[in-house]
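Lettering of chains follows the sequences in order, A, B, ..., and the numbering in each one begins at 1.
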Amino acid sequence: MPVASPETYLANLNPAQREAVLHTEGPLLVIAGAGSGKTRVLTHRVAHLISALGVKPNEILAITFTNKAAGEMRERLTSMLGPVARAIWILTFHSACGRILRAEAERLGYRSNFTIYDSADQVRLVKQCLEELDKDPKRFVPRGIHAQISNAKNLLLTPALYAERVASFYDQTVAEVYALYQKRLHDSNAVDFDDMLMLTVEVLERFPEARARWQKAFRYVLVDEYQDTNHAQYRFLQILGEHHHNVCAVGDPDQSIYAFRGADIRNILEFERDFPETRTIALEQNYRSTNAILESANAVIARNSERKEKRLWSELGDGDPVRVVEVEDENAEARYVASQIAALVEEGYSGSEIAIFYRMNAQSRQIEQTLRLSQIDYQVIGGPRFYERAEVKDAIAYLQVLDNPTDAISLLRIANRPRRAIGDTTLSRLIAYAEAHGISLHAALGHPEEAGLAKPAVKAVTGLKNLLDSLRSAAQELEVPELIQEVLDRTGTVEAYEAERTIEARGRIENLEAFVDGAREYQQQAQEPTLGSYLQEISLFSAQDELDDVEVSNVTLMTIHNAKGLEFRAVFIVGVEEEIFPSSRSIEEQGIEEERRLFYVGITRAEERLVLTHASSRLLWGRTTHNLPSRFLDELPSGQVERERLRAASWRNYGTPAQTRDLQPKTDHPALSTGDSVRHGTLGEGVVTRLEAGGLVTVRFAADGSERKLMLDYAPLEKIA
DNA sequence: GGTAGCACCAAAAGC
DNA sequence: TGGTGCTACC
């Protein structure tokens, strides 16, 4: 059994890391630069508390943002400490608040089996509230209103507080909708993600007994990625830390890239003020990247003013210069990246050690297409999440209704799925009836005639009610996986998809099978498997945790936001252009510093090679745009950067305009070697000065003595005697 | 009550 | 360009 002893685990740490581990009493702020070993600090600190100081595992609360991070931390601690690691509270903000809130829900008039609405549910509920209040859906877009409500909750503004601060007519409407939205949630015994934090803080603030209980429970609180906390999360930590004062926050202000979802960088910048007598430690030694990469990162981020001074360095040498490459358009960009990846693979890189980052998902398509043509295996991170897929959500909604009949949103979702002739008219009559008699929608299903439904509708609704009743009694006896199977069978869901006979429907059935498999896994590993706890668990679960089976040889494509926390030997960042990166909206909305941090995050993912590309023209959203190179490229230090302009396709402009569009790679290129004389379609004659893997050739042209880098696949080159 | 077709619009994404 | 949400029809 692995038992960590201080001698062994402290020897693995550099002085700053060691100090962060040993400074256990009082507030601690660890400014952890990219690649500086902050996970190591967090895990060693927890191990130290337990094995050297005798702190009980359940007195430690370690908070992360994602389930993935929590899982990784638990895994590492289990290998250091053995089974005691099980008892440590290693949770996301939401799951930690979920636990506390479930224990205290009655104080706020909720039952402890409350349903958690995901973002789609939330928007649907807002939409319903807007309709109920008879607001013009053109002026008040559900998405936008929901964003306002979410912001308000992140700032701990309850409907009443929000109403006090109304500053415009629009706000006035938001306030009205917010109040109704919150009432509807409460009626359904449901909370949204933001409520989990806001209501937990509310309970802790309003009820001293509850506050005292939880404050005393956690002698040591640790938070990862502190720069991403919003106000509610900050307040939550502040309250929990009031008794023991042992709050340890780890983060990096330079990697704060989530302001758009409520993160407030001031939390980390002002930690020392908010938590008096804080000890601050900066981790600046980087174990990931070469200095060419780190100095580029340092130079860029130094332009920001909202930060704490910090300079990354490493012992890994200068390494290859960072390359900035200008290409003609998005196709040339994709081809260039593909050729470079081929070259890296020839050099011995595995595809899984290479990543392509972009600012927005829309950029991935071109790249994917070219990678396919080049037969480079890749995987795209992002896209629709497993539990948010319609068929899975439907199945979950059934389970929610069985567990919590008052949950109106879930009931409305499944009322007519699969089709059973219960349409909008029927549902609105039922809703009106429920409203008028002060009963839940579910209860109204029992009074279809009184609700004024026509014969066929009465029959359909009664059928639904009977179905739900019998499933509910099945739920008493069956274990979760069997119950799900029962739901799928009895509702005819699978049958309905099979009848569609489309590939898409086949995929949906497979997803449902995967869903049942997931429930089996839960059934096996849960300590006390119940429908309720299963639902609580999966509603806080995201795709990342599920699909961990990364193909070993695949190149990874993702947005830079998704890349946070990851590292690759070689990184390509494409589309480093004004309007794209920085994005046009960030320029308008004064978000340049955050955008620069995002660039910084992208740069610091690279271990050995970093290539930044920008195109002089680009087809985006059906329009050709001409973007300038990103201002961030001008901020790179000249010493460590190599700039190139790739003119592979420039001959298009001279050649036959009619067929310039569909360029096919040439299958037979001339066999060239250094020193050969060549002729280029437009640039004339020259001499090959360099050949690189991946079909790149450098030619010095006789006409002007210039050297051009060309792609053999596309350049009109022929060998001359 | 269901669906085909057509406007419309457009970062980033955790729980 | 491509996905989505609503109107007009069957």
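- Remark: P of C/dG2 and CG of A/Leu619 are 10 Å apart, rounded to the nearest angstrom.
- Residue A/Phe193 has its side chain nearest to B/dC15 when only B/dA13, B/dA11, B/dC15 are considered.
- Not a single donor-acceptor pair, N or O on each side, falls under 3.5 Å between the base of B/dA12 and the side chain of A/Arg261.
- Considering only side-chain atoms of A/Asn416, the nucleotide from B/dG2, C/dG2, B/dA12 that sits closest is B/dG2.
- Looking at A/Glu368 and A/Arg365, no side-chain N of the basic residue comes within less than 4.0 Å of a carboxylate O on the acidic one, giving no salt bridge.
- Within the structure, every side-chain polar atom (N or O) of A/Asn67 is placed at least 4.0 Å from both OP1 and OP2 of B/dG14.
- One P atom belongs to B/dA13, the other to C/dT4, and the distance between them is 15 Å to the nearest Å.
- The listed nucleotides are B/dA13, B/dC15, C/dC6; the one nearest the side chain of A/Tyr258 is B/dA13.
- To the nearest whole angstrom, the two P atoms, one in B/dA12 and one in C/dG5, are 16 Å apart.
- Put simply, the side chain of A/Ser616 gets close to the backbone of A/Glu328: a donor and an acceptor are under 3.5 Å apart.
- Using a cut-off of 4.0 Å between Lys/Arg side-chain N and Asp/Glu carboxylate O, A/Asp394 and A/Arg508 are scored as not salt-bridged.
- Nearest nucleotide to the side chain of A/Trp621, out of B/dA11, B/dA12, B/dT3: B/dA11.
- Using a 4.0 Å cut-off, some side-chain N or O of A/Asn562 falls inside it from OP1 or OP2 of B/dA13.
- Across all strands, A/Phe260 comes closer than 4.0 Å to base atoms (heavy-atom distances).
- Looking only at distances, no side-chain donor or acceptor of A/Glu225 sits under 3.5 Å from a matching main-chain atom of A/Phe65.
- For A/Thr425, whose side chain is taken as the heavy atoms from C-beta onward, the closest listed nucleotide among B/dG2, B/dG1, B/dA12 is B/dG1.
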